[in-house]
*Asks:* 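Have a look at the structure that comes next, please.
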Amino acid sequence: MFGFLKQVGDYTRDAVDAARNLAQGFSVTFDHMKRRPVTVQYPYEKLIPSERYRGRIHYEFDKCIACEVCVRVCPINLPVVDYVMNKATKKKELRNYSIDFGVCIFCGNCVEYCPTNCLSMTEEYELSAFDRHSLNYDNVALGRLPTSVTTDPSVQPLRELAYLPAGEIDPHGVANDRPRAGQLPSEVLKTLTPPAKAAAKNEGQSSGDAKESDA
Ligand code: SF4
Ligand code: SF4
């Protein structure tokens, strides 16, 4: 009899515990409903790509010397450098240059090693196309200026976490004029003692020490 009553008591206690845990879980879950969603509402809101973002490659035909370094450092030898050798001038004459963005892995090697800086990476990432062959950009398409989320009037640009002011973790509602966290090197320099003053100070201290030791 007592065993049965103990079982009923245990069962009741477990049921009450379970109900309490359930209520706690729901209270935490409902608490989240009061917070502002962190969703970036693409395509009306877009995050601004970072400064070192490796997007679509930009190419300047006039700067290219057809050296093919970009091809050699590319993991898949992707850029197609189309040139002819001018026997009279003994110089390469560039005809065409193309990169297939259906194959490119956007590693930035070609940009890093180009000796004339005619390649650069842009912040453009919306490259989807219905026909994969249209991803093969020739020098005209590569030379087009990139689209920018900050100049598109139909887009609300939002800053990424690393560009938010100190203490902010959600880009929504952060005023544009608030600077990002941290200091620029020029601002750090202003806080440092100028080297001339520091040297004079050290000199004064050392001569003072010398006088003391003489005495
Ligand atoms: S970004 Fe990388 S994969 Fe793309 S063309 Fe340049 S080196 Fe090749
Ligand atoms: S490395 Fe630069 S200069 Fe040389 S072929 Fe490639 S794009 Fe042209």
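Scope of the values below: all heavy atoms of this structure, side chains included, with no hydrogens, waters or symmetry mates. Whatever order the structure lists ligands and atoms in, that order sets their numbers, starting from 1. Just so it is clear, the structure is predicted and the values come from calculations on it, not from any experiment.
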*Asks:* Checking the side chain of H172 only, and the main-chain atoms of T39 only, is there a donor and an acceptor separated by less than 3.5 Å?
*Replies:* yes
*Asks:* Run the numbers for me: atoms of ligand 2, each under 4.0 Å from some heavy atom of P115, listed by number.
*Replies:* 1 (S)
*Asks:* Give me the atom names and distance for the closest heavy-atom approach of N96 to D138.
*Replies:* OD1-CB, 4.0 Å
*Asks:* Find out whether R159 and V174 are in side-chain contact, i.e. whether some heavy atom of one side chain is under 4.5 Å from a heavy atom of the other.
*Replies:* yes
*Asks:* Compute the minimum heavy-atom distance from I57 to ligand 1 and say whether it is under 4.0 Å.
*Replies:* yes
*Asks:* Tell me which protein heavy atom sits closest to atom 3 (S) of ligand 1, plus the residue, atom name and distance to 0.1 Å.
*Replies:* I105 N, 3.4 Å
*Asks:* Backbone, side chain, both or neither: what part of C110 comes under 4.0 angstrom of ligand 2, heavy atoms only?
*Replies:* neither
*Asks:* Should E112 and R54 count as an ion pair when the cut-off is N to O under 4.0 Å?
*Replies:* no
*Asks:* What protein heavy atom sits nearest atom 4 (Fe) of ligand 1, and how far off is it?
*Replies:* C104 SG, 2.3 Å
*Asks:* What part of K63, side chain from CB on, backbone N/CA/C/O, both or neither, has a heavy atom under 4.0 Å from ligand 2?
*Replies:* neither
*Asks:* Can you tell me the protein heavy atom closest to atom 8 (Fe) of ligand 2 and the distance?
*Replies:* C64 SG, 2.3 Å
*Asks:* Determine whether the side chain, the backbone, both or neither of T116 has a heavy atom under 4.0 Å from any heavy atom of ligand 2.
*Replies:* side chain
*Asks:* Give me the residue, atom name and distance of the protein heavy atom closest to atom 6 (Fe) of ligand 2.
*Replies:* C70 SG, 2.3 Å
*Asks:* Are E168 and R178 within salt-bridge range, i.e. N to O under 4.0 Å?
*Replies:* yes
*Asks:* What protein heavy atom lies closest to atom 7 (S) of ligand 2? Include the residue and the distance to one decimal.
*Replies:* C118 SG, 3.3 Å
*Asks:* Got a salt bridge between K6 and D10, using NZ or NE/NH1/NH2 to carboxylate O under 4.0 Å?
*Replies:* yes
*Asks:* Is the F106-F101 ring centre distance short of 6.0 angstrom?
*Replies:* yes
*Asks:* Looking at atom 2 (Fe) of ligand 2, what's its closest protein heavy atom, distance included?
*Replies:* C114 SG, 2.3 Å
*Asks:* With heavy-atom distances below 4.0 Å as the criterion, list the atoms of ligand 2 near C67.
*Replies:* 1 (S), 3 (S), 4 (Fe), 5 (S)
*Asks:* Judged by modelled atom types alone, do E124 and H58 share a side-chain donor-acceptor pair under 3.5 Å?
*Replies:* no
*Asks:* Can you report which non-hydrogen protein atom sits closest to atom 5 (S) of ligand 2, along with the distance?
*Replies:* E68 N, 3.2 Å
*Asks:* Where's the contact between V71 and ligand 2, heavy-atom distance under 4.0 Å: side chain, backbone, both or neither?
*Replies:* neither
